[in-house]
Each structure stands twice: as C-alpha cells, then as structure tokens.
Amino acid sequence: MPSPPPGLEIRDASLTFDQRPLFHRLTASFESGSWTCLLGRSGSGKSSLLRMIAGLSLPDNHRLTLTVSDARPLRGRLAWMAQRDLLVPWQRVLDNVMLGARWRGQANAKDRQRALTLLDQVGLADKAGQWPSTLSGGQRQRVALARTLFEDASIVLMDEPFSAVDAITRLELHELACQLLVGRTVIMVTHDPQEALRLADRILVLQGEPAYLITQPTPTCRRPRPLADIELQQCQAELIARLREPAHA
Amino acid sequence: MPSPPPGLEIRDASLTFDQRPLFHRLTASFESGSWTCLLGRSGSGKSSLLRMIAGLSLPDNHRLTLTVSDARPLRGRLAWMAQRDLLVPWQRVLDNVMLGARWRGQANAKDRQRALTLLDQVGLADKAGQWPSTLSGGQRQRVALARTLFEDASIVLMDEPFSAVDAITRLELHELACQLLVGRTVIMVTHDPQEALRLADRILVLQGEPAYLITQPTPTCRRPRPLADIELQQCQAELIARLREPAHA
Amino acid sequence: ESDDDLAPPRLIPISVMLDWYVNPVHAPLIVAKQRGLFEQRGLDVDIQSPADPSVPPKLVAAGRIDLALSYQPQLHLQVDQGLPVTRIGTLVATPLNALVVRADSGIESLSQLAGKKVGYSVGGVEETLLSTMLAHNGLNLDDVEMVNVNFSLTPALISEQVDAVTGAFRNFELAQMKLEGVEGKAFYIEEEGVPTYDELIFVANRDTLDAHRDAYRRFLDAVGEATAWIINHPDEAWQRFTAYDPSLDTPLNEAAWDATLPRFALRPSALDAGRYRDFEAFLLEQGQISAQSPVSRLAVDLDAP
Amino acid sequence: MPERASSAPGPNASLARVGRGLLAAVVLIALWQLTITLADVPRYILPSPLAVARALVDQHQLLAYHASITAIEIVGGLIGGVLLGLATALALARFRPLRRTLLPVLLVSQAIPLFALAPILMLWLGYGLLPKILMAMVIIYFPVASTGYDGLRQTPQGWLDLADTLGVNRRQRLLKVQLPAALPALASGLRMAASAAPIGAVIGEWVGASRGLGFLMLNANARLQIDLMFAALVVLVGFAVLLYFGVDTALRRAMPWQRDAVETPD
Amino acid sequence: MPERASSAPGPNASLARVGRGLLAAVVLIALWQLTITLADVPRYILPSPLAVARALVDQHQLLAYHASITAIEIVGGLIGGVLLGLATALALARFRPLRRTLLPVLLVSQAIPLFALAPILMLWLGYGLLPKILMAMVIIYFPVASTGYDGLRQTPQGWLDLADTLGVNRRQRLLKVQLPAALPALASGLRMAASAAPIGAVIGEWVGASRGLGFLMLNANARLQIDLMFAALVVLVGFAVLLYFGVDTALRRAMPWQRDAVETPD
Ligand SMILES: Nc1ncnc2c1ncn2[C@@H]1O[C@H](COP(=O)(O)OP(=O)(O)OP(=O)(O)O)[C@@H](O)[C@H]1O
Ligand SMILES: Nc1ncnc2c1ncn2[C@@H]1O[C@H](COP(=O)(O)OP(=O)(O)OP(=O)(O)O)[C@@H](O)[C@H]1O
Ligand SMILES: [Mg+2]
Ligand SMILES: [Mg+2]
C-alpha cells in the first residue's frame, strides 16, 4: 500500500424510517488503520450506517457528515461487503472474486492469479470454475469475502462477513482477514461478541432508542486474539452484559 | 397436537456432485419428538441432507431411503426453513408468516391472529404491515422463523435459523423455539456449538471425506440449557475438539 | 473497328409502376417488353408493381418514378389535391368497374338493392359512383349498407356475406366467380347514370413532362403496337404474356384474358377531352373535388401539335 | 466530503412528468417538420404538422365518431387478448411437456399475416365489431402469452421448494407462487400488448368495415385527403401512447412492493 | 416411503423433443382439416391441407426462390432490429429522465400502421431489399427495446450498490451489471422478435416488391390461387417456428448459469 489509510469521522449521522428515528446526530471516529467492530440488536441500523458511510442510497430520510482524514474522496479506496453475498450468477466463482477488476474493465493475468490465491486462502480453490448457484451458503459467503479482500482497499466495510460459516472455518478466516487487512481502516458489523473481541481494536455498540454508540473495552493483546485469553473472557462478560441491557434503558 | 410426531430413519443416504461423493450410504435415525442438531464444515452437505429429507429436488445424483415410524407420508406434516429466508416480496410481513395458509387457500381470522402472535413473539409486531424489502437481515430471518413455527408441523427442518440475529435475540429465540416446538421431531443445522449444546437432545457432526455422521454427547439438563451450565461447557470443549479434527482424519 | 460499334446503343430508362400486381389488363405493356418493342424505340422500361394502388401516382408526383398506371376518377382527385400529375396515355378506354351481384340473387335492377349490403374495396370514388347509380334507380345511399371488404370482393359475394359488390372489374371478378362455380351478373356503371371514363391511364409528372415528351411518345407508340398485335394474335400473345412470369399461367388469367382484350385502347395516346371535362364536372357536382380544373391540366395529347 | 441527504419526490415530480410528456410531443412534431423541410417531402406524401392540426380541428366530429368505434374495438381486444394470453401462459406452465407441441401451434397465430385470416373471419363473423376485436386480440395475445410463460417458467427454485414443503398443490403453486413471481415479466408483455392494441384494431378494420379509424384512414388515403389520414393516425398514435402509459401506471400500482424497496438480488 | 432418485436427461430427451415438435405439426394439420370439414369452409377461402401440400410440392421452385428473398430480409431485419432495439434500451436506461420523452417517440414507431409509411419509404429507399429490411426492423425493434428496457431498469439494487462501491462507472455499470441482469427479460423480447420477424418482412413486401413470399402471397391471392398462397403461408410459418426455437436454443446456450442451477430467490 502506497499511502497510509485514511481515518474517518462521522458527525450528525441521523436515520429515520417512517417518522421513527433509528438514530439521531450520531458521532464517531474511526482511526486510520484501526479495526472497529459494530454490534447491536437486530434492526438497530448497523447495516444502514455502513451503507451511509459507503455513500450508498437509502430509501428514506438520512443525513451524515463524513470527514476523511486525508480529505480525498473515498471512491476507489473503499470495499464494501454486504450482509447478502451479492454474487452475480452469470460469472463463475473465480470471476466473482475478481469482479471489481472485471467490471472496471482492467482484469489481467495478475488479477487472475491473485483471485486464485485468495480463493485458495478461503478454502475454495477447487470451486473456481463453478457457477455460484452450485455453492453452499457458507461457500458463497467466503467468495464474497474473497472478493472484498481482492479489492485491496484502504477502507473496508464488512457486514457480518462470517455469519454463515462453521466455527472452525470462521477462526481460520479471522486469521486470514487479520493478516490481509493489516493497516486498513476496517469497520465490521458482527453479532458474535467473541468474534468482535478477537478482531477489534475498538468495539462500538449501537443501543437505545434512538440509538447512540457506546464504546466497549477490548483486550490489549495482539489480534487475532486467542479465545482462551483471560482478558478476552473478562471483556466478553462485560460486553454481553452491555448487550443485554434493555433497549430503552 | 393430535398424534405423536413420527420418528425418522434414513438409510443409504448418498450424495455425489461432479463425481465427488459428499457422503455415501449414510445412516441415521431421528427419534420421535427429539431435537437433533447437525453440525459440520461449510460445504459438507448439511443443507443438501435436509433437502433430501424434505423430499426436495437436488440437481445431481443422490439417493435416500427414508422410513417414517408411523409409515404415513410426510406431506403436510413437515416444515422446512431454508438457509435463505425465502420471504416473498409481494406479500407483507404478516402474510409472509401465514404464507402456508394463504397459499393453501385456507387463511382465516384465527390464522391471522396466530401469525400476529408469532410476529410479536419474534419481536416484530410493529413490522406486520410492512413489505419484506424494508426489513433488516435479522428481521427477515425472524419472519422466516415465524413462518416455520406457524406451520405447526410435527417434523421441523431448520437450516441455520438463527445465524443472522444478534446474540441476545438469539437466546430469546432459543427459548421461544424450545417452547413452541416441544414434542416435535426437529432437525436443525447450525454452526454455533453453544447453540447446538443449548438446544439439542442429540448432536450429529457430518465429517470426513466422504462424510460420515458422528454422534456427540449433549448435556443432560432440560432444554434450553443455560450457557453457564458446567456440563454444557465440558461438552462444548469436546465438541469443538471434534469439529477441529481435520476432515481427512 | 471502334468499340462504339460493339457497345449497345444507349437506352433511355423509363420506370413504370403498375396499379396492382401483373394481370391481363397489363398485357400490352408486358407484351411490348417481351417483344422488345421498347428497345426498338431506344427505351429501357422497368416495370414494378405496388400493393397499394394509391401509391404509384404519388411517386410520380414526387419524381421517384416516371410513369404510373392509375384510374381516371383517381386522376381528378389527384389533380384537385394539387399533385402535379397528368394523363399522357390510355391503356383501357372504357370503365371496367361494375356492380356485380350473384346471378341467382334475383336482383334484376339496382332498385332492388334497397336494404341490401354492398361491399366495396376502397377506391376513393366508389361511394360517389354507387350513389349516382342508386339515384339513377330511385334510391339513395341510405337505402343500402356499404361495407369495405378490402382484399376480397369475390369471396365476400360468393359466400353471401354481402349482396352486391361495387368496384369489381368486369373482366376479372366475373371470371373469378365463374371459376368458383357461381354465376355473376354485372351492372355496367356507364349504363346506370355514371359518365363514362377511361379506366386505366398512364400518368406522368406535369412539371417534368417536357423533358420526357419524346420518350413517352415512343413509349406509347410501343404500347399501341403491342395492343394491335395482341388483338391480331391473341393466343400467341397469351404465350408471350405468360412467358414473362410462369406464375401468370393460371386458369383465372386465362379466363380473364378474353374478357380483357376488347377493352384495350387501340390508340393509347389519343385523348378524348370530352370525357375528362364531363367527369370533372360530374365530380364537382358530387362535391368530390373543390374546383374545376381545365382539361389541359388533367390530360395531354402528346401528339397534339 | 459532501453532506449526503436524499429527499422524497415532491408534488413537482408528477408535474415534471407531464412536462416531459409534452416535450415528447414537441420533439415528435419538430422531427416531423424537420423531415419535411430537410428532405423536401411533398405534402401529399407527408403533410405538415400544421395541416394535420387543421384537419384535426376541422374534422374533429368525424374523427371523434370513428375513434369511438376503434376505442371500443381496442378495449375489447385488449381485455380478450390479455385474458386469453394469460390463460395460455398458465396452461403452458402447468403442462410443461406440452410446450413443444402447443407453442408452435400458438406461434402460428403470430406468423400468419392477418389478411390471410380475414376472409375466414369475415365468413364466420360478418362485418360487425367482433372480427375487429378478434384481430386486436390475436395481436395482443402473443406478447402476453409469451412473456407470461417466460416469467412463469423462471420462478426461483427456492420459492417452488418452499411451496412444496408448505403442502401447496400444483394449481395453487401456479396461481399463488409462479404467477406473482412472473408479474414483472408479464408487465413487460402487457405494456407491449397495450401499445400494439390500436394497430390490431385498425388491421381488423381493413379487413372489412364501414366505420373506425382504420376505415377512415383507408378512405382518406384513397381520396388523397392525406391531411385527414394523418389526423386519424395522430389519434391512433395518441391511443397507443395513452394505453402504454395507462397500463404502465396501473402495473406499478399493482406491484406496490416494487416501489419502496432497496431490493437485494440472488 | 419411496426411494427418491433423480436421473439426468439422456439422449432420448432430444428425440422426444423432436417428436413433440412433429406432434405440433400433426395437431395443426388436424385442426385445419377439422375446420374445413366441420365449418364447411369453401376452398377459395381455406384450401385443404392436401391441396396446399400439393402446391408446396408442385411449386417448390417458385416457393424456394421467393422464400430465399424473404429469408434475407428476415435475417437483415432481425439483426438490425435487435441491434437497434438493444441500443435504444441501453440509451433509455442510461438517461432515465429522458424516458417520458423518448418512449412515446418510440411508441409511435409501433403505433403507425406501416402502410402510411410506405410512400415515404419508397420515396427515399426505392423498392429494393432495403425498405423491406427496414419494415422488418421496425416490427422487431420494439419488443427488444421494450423488454430490454424493462429488464435494465429492474436490476436488483444490491448489484448496483456493489458496482458503485467497486468504482464502476456508469457505462460499465450499464454494460456489465444491468445488461447481464436483464438477459432473461431480454430473452423474452428476443423470442418474440424472432417470431415476428417473418411477418415484418412480408409486410415490407406488401409495400412494394416484385419478389418474396409476401409478394407471392398477395399475388396468388389476387389471382385466387389460394393453394399457392397458403403454401407460401406454410413456409412463412415454418420460418417463424424455426426462428423462435432457434433463438430460444441460442439464448439458453448464452445463459449457461441458468441451467445447472437450483437457484434461490430474493
Ligand atoms: N448444483 C450443484 N452442483 C455442484 N455442486 C453442488 C451443487 N449444489 C451444491 N453443491 C455442492 O454440494 C456441497 C454441499 O452443499 P450444501 O449446501 O449441502 O452444504 P452445507 O453443508 O449446507 O454448507 P454450508 O454450511 O456452507 O451451508 C457443496 O460443496 C456444494 O458446492
Ligand atoms: N426501506 C425501508 N423502509 C422502512 N424501514 C426500513 C427500510 N429499510 C430498513 N428499514 C428499517 O431500518 C432498520 C435498520 O435496518 P438495518 O438493516 O440497518 O438493521 P441492522 O442493524 O443491520 O439489523 P440486522 O442485524 O438484523 O441486520 C430496521 O428496523 C428496518 O426495518
Ligand atoms: Mg444488517
Ligand atoms: Mg447450508
């Protein structure tokens, strides 16, 4: 990576559906090169917040002031992995991984090689030539992950990227993601407190009505942290207690 | 429920894709009224096995001999919750819950009431009148769950039914499912060992190449079991060790 | 020896568009072409047929083609609408148009048409002609129901969907009916109060006529020669005619052939100015045209001094 | 970085729509006039917009009378054609092995130039409204049947599986699963059918008629009243445009779930 | 409970297909003969299949000659119409606010009875192959443009979002995301266009021609050679059926991912 990844700062983030504000004047900053995990109840607006940061359209009223630390536009420096895998059925698995390059019309042999490597790393080397419709749910999600990693972006937004894979594969993918996303500014939504504690520099919980962001402590050791880590287990108890708090507290 | 739920026995279950056998001559039995959790690596064939039991088409060569304990056909007594939510976009949330009744052309006011109650139980009472496209991922999954529970079937097949909801909602849904599915024969695919240990009478792990089924010990206390349960934590360690075993062991 | 002696003499191209697909009424043109009468006069004649008879005069007016076959009643309307066309020759010098009923219909006089259905194929003046014929027999248009049966005059009449058809060609539809085993009875419109006219005429662009006058004169000369030859040698002419396109050799055309021969104008370029004056007056009286044009606008006699 | 905010379409939106529709008329008329001016088309082949407008005004009673007849034929044909097309699509989807047998039979209805059928229709049905409605039906029928069938056979497998496990029978599956899933495809066919309906009625009139816009056009053409013919044409085109956008709007209403959605694929 | 096993379609499948296709022909001919026998249609309105078969054999040279002309027009019209329709759909999808303006303009091309255009076309293009190909194009054009546009505007939002974050520009998005996503809808339009192409060419021939099946039909009709006319009709229908199934097969080939899929929705 030539330049250091930018940090992000959001101010005044508001989202209202059907007159019900989901959150209102939210503020948060994401440091350059940090990994943030975003947790919160189902329907609290995590995916919508990610969409807002990615600059994607939302159907209703929303506003956000986004400041990028190096003041350059995000376009071309951002990778977004949606909650659904969004594989395109008319491209084979390998081409789905290098979809960005293909769609931008710049795919070359090196891209192909890199895509193959990534497929191998997510454990799907043997599926490269298949159609996405022949994949299992977890395999699809891994292809989507590989596609996101392929972009090699300095800002990475991931929405529940490991929800459909088994526990063991998930641990392996954690390692892979940590290794490949080192030095990127990552914002990741997850429902798994352990996962958050394993991966995050910083944990944010979206809570309340309208919701506000609460920062939760994270263990101090190097990521990805072993699940057996004592500090992690302490933090986990605290995090679960936080998540348990009734929404209207 | 008028009659006791049937038990199931599968023999000679074989599944081959592209000349690669996923499993071969698998045998398993599911006792009447028991809750079985099925685990296994991503792509090991769990969803396919569920489809075979449900009698759904598969694209390639597969075979299965299925014996139902009361020797009556399964049609009309089986509910299947797919890995994808399969909500239909042209029906509102409430109608998606009572989709079975609607499609069979027998929906009445009582069904509507029951659907509303279920929606309330999965925490989506206020979304009843919305279109599915306005729901978050976890909300969609909960609607699909409500739809499955609505069927009030004696055999229930669920494919990762809680994968998209947050940890707390998940615990609540466990309680709900246990309560509503008491006395049903349940087969559920999950990736979360804790979830399996909380809910299952019996845990099966699909492992190896071609895969075979391994029965794992479960805690003895009443379901849903508290996560803090000592026995559960012992079993968890054992289960994780089992899952960790390399596929070709 | 120079190349010029071997090169064919330069021919003047003339494009002619018929009024409809080739049929026996076009025999003089076809035979003239078959016998090389045009080449002899230094002409290279290209013959086309349209699917809609209203198109060729427009193309002549627009300068797209040189000559078109049209109908005299149409010519009056065309000139009235400002098309720069004029008649330069005649192919068929009597009306072919007739009102036809089934012979077994019991209709002996047009006055019996009251309350009947009359089919027609859009021609522009059919309504006026019928109205005149009815008036001649003490009826008016409101006494009959007119139906535009477009493509199928004969089938409509044979199958008794209509009681009479007007705008039928006496040389053609009657033969057609006979072939289908139904005898037809024709009422000739010039006997029912309609001024007589030239059925088929050649029209040319008035604005560019002077430049082509000589070529057209030669063209009509060839047509005239062909007509005379056909009348002298009807059987041989039939052979020549069908040789032009083997698919012309049908029983219907053969039956129509004899009925058509007497109708050809023996002097194609001769102009009967009275007919044009009278028909123009008739149409004006019927309200079909807005102003009376002088005969000199409607038709020319290329041989007039 | 800019501030991002979206705003819902206000009441101005529909005004803008109408405005763009009017713009279409202006564009068309400009194209028309330009053709005449640049290519020097004589007025008896293509009259000027002004002349046609004059004919529209002067002859509005005549036009209104014939247009009303044609309108009845169009509506009748549209209703009949859509119902028949839909029924065909459903039958084909229900009995799929029949496809190879039935589809060619139906294709024939498309491939036969209507004038060949005209005498037969005339023989059986005479010259009333019925044969015209039938002609319009034949034209409308195929787009509806074809797109409908294409839509029906492309139901995502997941929903079919769901219907299966929900104990839905084949008829219910067809009507309650495949049919709603095929609506977007069907809508495409309906829009096309709507725009083809007027020409169907007009062709019907050419076969044999004494009233209607098609009749008027043929008559005016033969009498070289080209202004009047094009005035009738304008009315006809107006029908087609109105029908297309009418059907389009109705279809949007009928699929409310397609509006307020940020839908995701696969 | 029964044993469940699926088996892949063997080589018999395609044989069965052909068989069903032949069945279609048999059904059609039976219907035809039945119409004549039951409704007592005179032979100058609808000749018997046998008479037509005789005409097909006796006049095969004539038919082959005219059919070859029409075939050229069909292919030319199909290629031109599909390309133009596709371009239109893409342009409409690219500049969506133009829709209300452009679409009515295009609709007009559908709603104008071609006979009104005939003099203009002949004026400009003469009476060679070109105007016929143009007519066929006009007929083919609209189904392709309309279904294509419908397909393009229904791209699932998720893929558009993905394209957005992948830094794809509008042109690439249109060609690489929306276009493949619209293929099933477009296929529907193409199938329809294929079946309409022959009639387009024939209508072109009616405008003015001295060759081609349309010319032959009108000509034969005018001479009451109804056998020959129906023989030409049979050839024409054959073209339409062949084209439809040819295009259908080609489209399936072009979308391999739709074949080996148990696809899931939403
Ligand atoms: N149509 C097909 N063609 C070829 N292979 C297929 C097809 N459908 C499924 N497979 C393969 O079958 C295997 C099992 O798929 P299945 O969906 O049953 O896995 P799973 O155990 O449910 O995985 P996950 O946990 O990821 O959902 C996968 O490896 C998949 O690639
Ligand atoms: N188009 C819409 N119209 C109305 N409400 C919407 C719409 N889209 C989303 N919402 C609502 O916005 C809320 C937030 O949705 P979002 O997808 O951001 O939730 P989430 O936090 O990602 O939830 P999950 O964990 O279940 O994925 C949900 O309650 C949802 O119902
Ligand atoms: Mg979400
Ligand atoms: Mg699965």
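Order of the sequence lines sets the chain letters (A, B, ...), proteins ahead of strands, with each chain counted from 1.
When the candidates B:Ala164, B:Ala167, B:Gly138, B:Ser136 are compared by the number of heavy-atom contacts under 4.5 Å with chain A, B:Ala164 comes out ahead.
From B:Gln130, atom CD reaches atom CZ of A:Phe17 across 9.5 Å, with rounding to the nearest 0.5 Å. Note that CG of A:Leu243 is 7.5 Å distant from CG of B:Asp166, once rounded to the nearest 0.5 Å. Going from atom CG of B:Leu227 over to atom CD1 of A:Ile240 covers 7.5 Å, rounded to the nearest 0.5 Å. Atom CD of B:Glu160 is separated from atom OG of A:Ser163 by 8.0 Å, given to the nearest 0.5 angstrom. Interatomic distance, B:Ile168 CD1 to A:Ser42 OG, rounded to the nearest 0.5 Å: 12.5 Å.
Here the side chains of A:His191 and B:Thr169 are not in contact, with every heavy-atom distance at 4.5 Å or above. Proximity of B:Arg140 to A:Gln83: side-chain heavy atoms (C-beta onward) are nowhere separated by under 4.5 Å.
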**OP:** Quick one: do B:Arg41 and A:Glu172 satisfy salt bridge (Lys or Arg N to Asp or Glu O under 4.0 Å)? Show the steps, please.
**Re:** CA-CA 12 Å; B:Arg41 296 298 289 257; A:Glu172 293 168 6; 3.5 Å; yes
Original post:
Which is it for A:Arg170 and B:Asp192 under the salt bridge (Lys or Arg N to Asp or Glu O under 4.0 Å) test, yes or no, and what are the steps along the way?
Top reply: CA-CA 11 Å; A:Arg170 189 182 291 212; B:Asp192 183 349; over 6 Å; no
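Counting heavy atoms of neighbouring residues, nucleotides and ligands inside a 6.0 Å radius, atom CZ of A:Arg112 does not exceed 12 of them. Annotation for B:Arg223: atom CZ counts as buried by contact number, over 12 foreign heavy atoms lying within 6.0 Å.
Contacts between B:Leu124 and chain A at a heavy-atom distance below 4.5 Å are absent for every atom of the residue. Neither the backbone nor the side chain of B:Ser47 comes within contact range of chain A; no heavy atom of the residue lies under 4.5 Å from a heavy atom of that chain. Proximity to chain B is absent for every atom of A:Leu39, based on heavy atoms less than 4.5 angstrom apart. Contacts of A:Asp18 with chain B are made by side-chain atoms alone, with heavy-atom separations under 4.5 Å and no backbone atom involved.
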